[in-house]
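Worksheet: the structure to be examined is printed underneath.
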Amino acid sequence: AARPSVLVAFWALALFLVWSTSFLAIGYLLGGEQSAARFDWLSLTVARFVPVGLLCLGICLAAWPRETLHLARTRWRRLLVCGFFTVPGYSFALYWGQQHGIPAPIASLETALAPLFLMVLGARLLGEPVTPRRAAGFAVAFLGVVVIASAKGRVGDEPYALLVLVTACAPLAWSLYTVLVKGPSRRAP
């Protein structure tokens, strides 16, 4: 039998390979410079969200039926908002940006803004401290986004800065979801 550390390394590598190629796959599915679109941004979001949503619901109902139904009865509004930000909100912004001209490497880079958004949201909504080092990191990252946004004038009919801004809403949506589930996740499995 394989040692646990070998299995962990294998699955970590597999996850890395899937994640690292996902933005290229998104570009391929939305149609790039060399290929026709197989989906538009909205239909790709639906194609991703529906199977994942149904699978996760099935797992929750199978593994924790009582807790899942209790949360659905008592926290249904928060569940709907969190459910929107998790996949559809994230995907709407990311896929729209990529379909309208944000290259896969830039989209991938922009999703790395999530920790910065979490820092700001955590400070604002959860009272978490922002140290000078964190503030400096945020400033550097923000300047990087400004440089990226000013790299081009227009892509098609859209200003490139708008495409960068909309795509940056993807990690913002994920960060909002993360902050919104922090409290309830402490009280539920």
Side-chain angles (χ1 to χ4, degrees), residues 4 7-8 11-12 14-16 18-23 25-26 29-30 39-99 102 107-131 133-135 137-138 141-142 145 162 164-189:
L7 289 176
V8 169
W11 287 113
L15 179 62
F16 168 77
V18 168
W19 180 254
S20 66
T21 60
S22 65
F23 294 94
I26 292 165
L29 292 171
L30 293 173
F39 291 94
D40 65 2
W41 66 274
L42 186 57
S43 60
L44 183 56
T45 300
V46 171
R48 180 177 180 204
F49 177 70
V50 171
V52 169
L54 293 174
L55 177 67
C56 290
L57 178 62
I59 290 169
C60 287
L61 287 172
W64 307 281
R66 192 173 18 177
E67 295 90 342
T68 299
L69 293 174
H70 175 73
L71 280 173
R73 278 192 304 275
T74 60
R75 305 269 186 186
W76 65 271
R77 288 179 190 91
R78 186 177 291 243
L79 286 172
L80 287 176
V81 171
C82 289
F84 171 77
F85 284 134
T86 305
V87 176
Y90 175 90
S91 299
F92 285 158
L94 179 64
Y95 298 165
W96 187 89
Q98 279 197 257
Q99 182 179 344
I102 294 292
S108 174
L109 181 66
E110 282 195 77
T111 62
L113 293 171
L116 300 171
F117 287 134
L118 281 168
M119 179 190 69
V120 172
L121 290 169
R124 181 78 177 119
L125 301 175
L126 303 173
E128 295 178 358
V130 176
T131 64
R133 189 180 208 170
R134 289 178 181 174
F138 183 83
F142 181 76
V145 172
L162 174 65
V164 169
L165 179 65
V166 170
T167 307
C169 289
L172 177 60
W174 191 267
S175 300
L176 285 166
Y177 154 76
T178 302
V179 169
L180 287 171
V181 298
K182 188 170 185 171
S185 66
R186 291 181 185 146
R187 297 181 296 272

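Quick caveat: nothing in here was measured; it's all calculated off a predicted structure.
- Note: Y90 OH to L176 CG = 14.0 Å, rounded to the nearest 0.5 Å.
- At distances below 3.5 Å, at least one donor-acceptor pair connects side-chain atoms of S175 with backbone N or O atoms of A114.
- Every side chain to side chain contact (heavy atoms under 4.5 Å, CB included) that P88 has, sequence neighbours left out, goes to T45, F49, F84, F92.
- Atom CD1 of I102 sits about 12.5 Å away from atom CG of L30, to the nearest 0.5 Å.
- The environment of F117 atom CZ is dense: over 12 non-hydrogen atoms of other residues, nucleotides or ligands sit within 6.0 angstrom.
- Note: L29 CG to D40 CG = 11.5 Å, rounded to the nearest 0.5 Å.
- Residues Q98 and T167 form no side-chain contact, since every pair of their non-hydrogen atoms from C-beta on lies 4.5 Å or further apart.
- E128 has no carboxylate O lying under 4.0 Å from a charged side-chain N of R134, or vice versa, which leaves the two without a salt bridge.
- Looking at heavy atoms from C-beta onward, R48 lies out of side-chain contact with F39 at the 4.5 angstrom threshold.
- Smallest separation of non-hydrogen atoms from V181 and C82: CG1-SG, 3.5 Å.
- When all heavy atoms of G89 and A173 are compared, the closest pair comes out as C-CB, 3.8 Å.
- F23 is listed as a side-chain neighbour of T111, based on a closest heavy-atom distance under 4.5 Å.
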